[in-house]
Protein chains: 2
Amino acid sequence: MVSSSVSGTEPRRVTIHDVARSAGVSRQTVSRALNDKGEIDGTTKQRVLDAARALGYRPSRFARGLVRQDTTTIGLVIPDLLNPFFTEVAAAALEAARARGWHVVVYDTADRAEEELGTLQVIGSQVDAVVGYFSCPEDELELFTRGMPVVLIGREHHSARFSSIRIDGEEGVHAAVAHLVAAGHTRIGMLDHQARAEPSVRYEWFTAAAASYGIDPDLVVGADQSADGGGTALRTLLAAHPDVTAILTFNDIIAIGALREARRIGRSVPRDLAVIGFDGLQLGALVEPPLSSVALDTRRLGALAIDQVARLLTGVDPLTADDLVVRAELRLGESA
Amino acid sequence: MVSSSVSGTEPRRVTIHDVARSAGVSRQTVSRALNDKGEIDGTTKQRVLDAARALGYRPSRFARGLVRQDTTTIGLVIPDLLNPFFTEVAAAALEAARARGWHVVVYDTADRAEEELGTLQVIGSQVDAVVGYFSCPEDELELFTRGMPVVLIGREHHSARFSSIRIDGEEGVHAAVAHLVAAGHTRIGMLDHQARAEPSVRYEWFTAAAASYGIDPDLVVGADQSADGGGTALRTLLAAHPDVTAILTFNDIIAIGALREARRIGRSVPRDLAVIGFDGLQLGALVEPPLSSVALDTRRLGALAIDQVARLLTGVDPLTADDLVVRAELRLGESA
DNA sequence: TTGAAAGCGATACCAA
DNA sequence: TTGGTATCGCTTTCAA
């Protein structure tokens, strides 16, 4: 039924003009009929609608957007949609955006910095604002997002050019360590993020908390951001420090991998090894035993980012760094 | 640094015209400078670029799209981004679209049919094609997507108006049942999808396979599409049929819930209860024991959908129903 | 109730 | 190397 180009002829776009001609009216009348404006005769309207349908007419979003400057589209850039943490944030952002009638274009950078730039290049001319995770240098970010509101998530340092939502896990991690200490643990290890050269902020929170309890903070090993990475890291850690009885991890995925590995090597959790993750993924409730975690409110994270975009876009009353914070708190499962 | 409206004045858009005036050149020269065309003096170009920067100029995507009819945006509609199955499909679709330089606007309908229509209404004027899961009646779907390519996923019946990717799990389910039978199981239950009135196609595959082995196919109970739903359903099933020693489930999420419930009630998996899911989620590898599943190639699913969109969009050589199939195959973990 | 004309903000094709 | 003009497809005045 849909007519397609038969003999190599380009299927030239059906415009409002074609509909007008076919219905024997002017373009503006077509516009009225299509947009449900009043001031139009019922019969005429029907005739126009029929003609439009017959021709398979679809208004150009560009032409329409050009005239009624209203549609807002934001670009959401995340490193990996398959990582449940980002998925949760994305879902929250999508929901908050939908509530405002905005569209969200999602870009998955596959965790590669070079993809980020490519994405930004493309995005730059396609969205009204950008929200996301970026690992590329700020000056490049700045270069590619000129004049556009940008809200960074979970990126600690930033220039005045950007808004950024800070993840504050200091208290949560402290509570986690306190919980472990109270349970009698004295040798607490950490499976940190290994990708970056310097230790993560989460590790710094851990060392600070450990210090306040007189715990040795040096039982740390880097882990790849995956379940397998967590398993491998746990093995490495225990090989070096067999006396470790509890671990904190950079995130829940790593923790889940550690859980699995512990089971393999016959360490019962939490009896022989207590495990506390970070992020508070819904996924944590599905594993055995249910994961304890320093949990983040991902819904709030996504909603906050979108809220700030809204403020930036209208220019009214943007939130300051003090408000752009999501605090993590210890949520106990059964793994610690 | 970003100038915003100070005294209630609308922050009128900076156009190419403003830049031209500020740089003392014509609009076309500005366009040349911005788009890296040749035929422009280096000095002039720099002057224009500086002016643009100073003014915070950003080209209108609508105006640009209007004249260079090239950008393609597709709408991806999924019921729930938090459901790992849809996430996997979405990730695959995103990747395939990116490879083509397309943009993907993602809409989460929160599993509600009425949201689907609202989404379609909005989407209709914002994208060039639609890919996704829909549960609303076909005629409504048709109404809201007039003249636009639509690729449905995993929806069995469909009018000629749409393309649809069929999920064929017949052989996979048969293999699953064969595997269970070979292991000595004779009482095999199924935790089906409960939302719909009629039993699912997956259940039909199960009954067909069961029949060929002389297995009673009536040990079925509906489950909510969640881990908790799986647990509840398993409880119900075992209460009615305590002699069941193996189950198939509508999907992996339900299976994972069943796994957890089995553990709670002291049934060891797979010794006391064999479990086989459906979907083959990556998540299945994280639970204990690793889930056996009738696995779908979600990457292919997403890629295939995007491929068909491409064909539909250009009008060349669209795939037929026979090609639009993704077959599921049994992938054994340790749960059966 | 309808239509003519004037934009919306950019790019393309000429001519200068 | 530049600038004028037409054009993309649609909506919005303003007249008729």
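Below, chain A is the first sequence line, B the second, and so on; all start at residue 1.
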Results of side chain to side chain donor-acceptor pair (under 3.5 Å) for B:Arg146 - residues two or more places apart only: none
Between CD1 on residue B:Ile306 and CG on residue B:Leu76, distance to nearest 0.5 Å: 7.0 Å
Rounded distance (Å) that lies between atom P of C:dG3 and atom CZ of A:Arg21: 15 Å
Per-nucleotide protein contact string for nucleotides 10-16 of chain C, where B marks a base within reach and S marks sugar-phosphate only (heavy atoms under 4.0 Å, - for neither): BBB----
Interatomic distance, B:Phe62 CZ vs D:dT11 C1' [rounded to whole Å]: 14 Å
Under-4.0 Å side-chain N/O to phosphate OP1/OP2 contact, A:Thr44 with C:dT1: no
A:Thr109 side-chain N/O to A:Glu116 backbone N/O, donor-acceptor pair under 3.5 Å: no
Presence of B:Thr29 side-chain N/O under 4.0 Å of D:dT1 phosphate oxygens OP1/OP2: no
Distance, rounded to the nearest Å, where B:Leu66 contributes CG and D:dA6 contributes P: 17 Å
Side-chain donor-acceptor contact under 3.5 Å, B:Asp41 with B:Thr43: yes
Summary of ring-ring contact (aromatic ring centres under 6.0 Å, His included) pairs that have at least one residue in residues 70-99 of chain B, sequence neighbours excluded: B:Phe86-B:Tyr133
Whole angstrom value for the distance that separates P of D:dT11 from CZ of A:Arg61: 15 Å
Donor-acceptor side-chain pairing of B:Thr119 and A:Arg98 below 3.5 angstrom: yes
Side chain to side chain donor-acceptor pair (under 3.5 Å) partners for A:Arg64, two or more places apart: A:Asn35
Relative orientation of the end axes in the helix from C:dT1-D:dA16 to C:dA16-D:dT1, expressed as an angle to the nearest 10° (five pairs per end): 40°
Summary of side chain to side chain donor-acceptor pair (under 3.5 Å) pairs that have at least one residue in residues 50-60 of chain B, sequence neighbours excluded: B:Gln46-B:Asp50
